[in-house]
There are 2 protein chains.
Amino acid sequence: MTAIGFEKHDHSHCIADALSAAETRCKAQKLQFTPARRRVLEILLERHRAMGAYEILDILAAEGLGSQPPVAYRALDFLVKNGFAHRIERLNAYAACTHPGEQHVPAFLICRSCKAVAETETGLDSGRLGAAARDTGFVIEKVVVEAEGLCPGCAEAAA
Amino acid sequence: MTAIGFEKHDHSHCIADALSAAETRCKAQKLQFTPARRRVLEILLERHRAMGAYEILDILAAEGLGSQPPVAYRALDFLVKNGFAHRIERLNAYAACTHPGEQHVPAFLICRSCKAVAETETGLDSGRLGAAARDTGFVIEKVVVEAEGLCPGCAEAAA
DNA sequence: CATCACATGTTATAAGATAACGTTCGAGGC
DNA sequence: GCCTCGAACGTTATCTTATAACATGTGATG
């Protein structure tokens, strides 16, 4: 599994694909893909980076989709709960999931220079963390794995 | 490496040890172990769990060591920067380091029920995250690894 | 004893998140 | 058709977390 996020790709295409996939899945699971929810996901897909709730709210407000914090937080909660987006703890921010629908434990590579975020995958209790949990009897339910550093482009620029 | 934090131990002893070790190391590295910094570390060691900055500030305020947020944040910044404490991103909180002085990449096991936090260790670029970073050319500088679940005690109580 | 780095005191405000309440609206049962 | 219930939404207020900015103190060093 490699990270999705730093390589080039047909962006308008991937936005449309992701949105229609989300729509399909919502229909299948009887989830309400309301205008605000749809637009927030679209915003995250367009920007293709981690965004703060208030940054998203500003855009929604400019478009008349709501101007109070709960508007953004409710949409984000929905997207995160249903696997369409992830929360990046380290940044207090949110990013569209790059492989929604699949069951996975996300891990992130965050560039401290250009703020790009790539999503990759890890295991719930693999590696040393899992070993420590088994040793102590700790039951892992969720893990946050977030790496900070320099993305290929910025690393090269810095060298 | 197993997790430190859930097993029983002589607590007053470990506080005193950790404080004097910190004092020694500050002297060696010419760091100023000021009263506020010392007290904040002591508070974290006493409670032996993750604490919010304002929770710590309340204690400092009650003791006349300062009542404004920067007081707590400056002390915490010092402790984190010098490896005496860690910030837990998932909780927006801070905890004393359980093995300061040693070079390490901390990982945390956080009980969602009793809020206890155990610290263990992981690698900077081990596992699948490291593999993804190498594949893409991402340079990892820091990683956040935080697991949430049930500690041995709470898991047993829930079963 | 000047000076410079570092620490502290204080005020103000930024940034992130949620509680609480009433209203709206569509699906399903009657 | 109409009722009713739950999910979503609108709005106000507030809470928590964090930092900017600037003035003051203080101790080591030359």
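So that the names make sense, note that chain A is the first sequence line, chain B the second, and so on, each numbered from 1. Just so it is clear, the values below take in all heavy atoms, side chains as well, and ignore hydrogens, waters and symmetry mates.
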Open item on the list: For a quick check, with a 4.0 angstrom heavy-atom cut-off, what is the B/S/- contact string for nucleotides 7-22 of chain C, read 5' to 3'?
Closed with: SBBBB----BBBBB--
Hey, can you pull the donor-acceptor pairs under 3.5 Å for the side chains in residues 65-85 of chain B, sequence neighbours left out?
unit_1	atom_1	unit_2	atom_2	d
B:Asn82	ND2	B:Phe78	O	2.9

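- If you chain together hydrophobic residues whose side chains sit under 4.5 Å apart, A:Leu31 and A:Tyr94 fall into the same group.
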Open item on the list: Protein within reach of the bases, or only the backbone? For nucleotides 24-29 of chain C, mark each nucleotide 5' to 3' as B, S or -, using heavy atoms under 4.0 Å.
Closed with: ------
N/O donor-acceptor pairs under 3.5 Å from side chains in residues 151-159 of chain B, not counting sequence neighbours:
none

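- Interface residues of residues 39-47 of chain A facing DNA chain C, ordered by number: none; criterion, heavy-atom separation under 4.0 Å.
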- [ ] Begin from the C-alpha positions of A:Glu148 and B:Val143 and carry the test side-chain contact (heavy atoms from CB on, under 4.5 Å) through to its verdict.
- [x] CA-CA 6 Å; A:Glu148 199 170 343; B:Val143 300; over 6 Å; no
Open item on the list: Please evaluate residues A:Glu46 and A:Arg39 with respect to the criterion salt bridge (Lys or Arg N to Asp or Glu O under 4.0 Å), reporting the C-alpha separation (whole Å), side-chain torsions for both, the decisive distance (0.1 Å), and the verdict.
Closed with: CA-CA 10 Å; A:Glu46 281 169 0; A:Arg39 183 60 186 132; 3.3 Å; yes
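- Remark: C1' of D:dC9 and CG of A:Leu60 are 13 Å apart, rounded to the nearest angstrom.
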- [ ] For salt bridge (Lys or Arg N to Asp or Glu O under 4.0 Å), just list the numbers for B:Arg90 and A:Glu89, CA-CA rounded to whole Å, side-chain angles, deciding distance to a tenth of an Å, and then say yes or no.
- [x] CA-CA 6 Å; B:Arg90 174 91 177 138; A:Glu89 298 292 340; 2.7 Å; yes
Open item on the list: Apply side-chain contact (heavy atoms from CB on, under 4.5 Å) to residues A:Leu129 and B:Thr122 and explain how you reach the verdict.
Closed with: CA-CA 7 Å; A:Leu129 184 68; B:Thr122 187; 5.7 Å; no
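- Pairs passing the salt bridge (Lys or Arg N to Asp or Glu O under 4.0 Å) check and including a residue from residues 23-35 of chain B, sequence neighbours excluded, read B:Glu23-B:Arg38.
- In summary, A:Glu42 and A:Arg37 do not engage in a salt bridge, as defined by a charged side-chain N under 4.0 Å from a carboxylate O.
- Here the closest heavy-atom approach between residue B:Glu119 and residue B:Thr98 is recorded as OE1-N, 2.9 Å.
- Rounded to whole Å, the distance from CD1 on B:Ile56 to P on D:dT17 is 11 Å.
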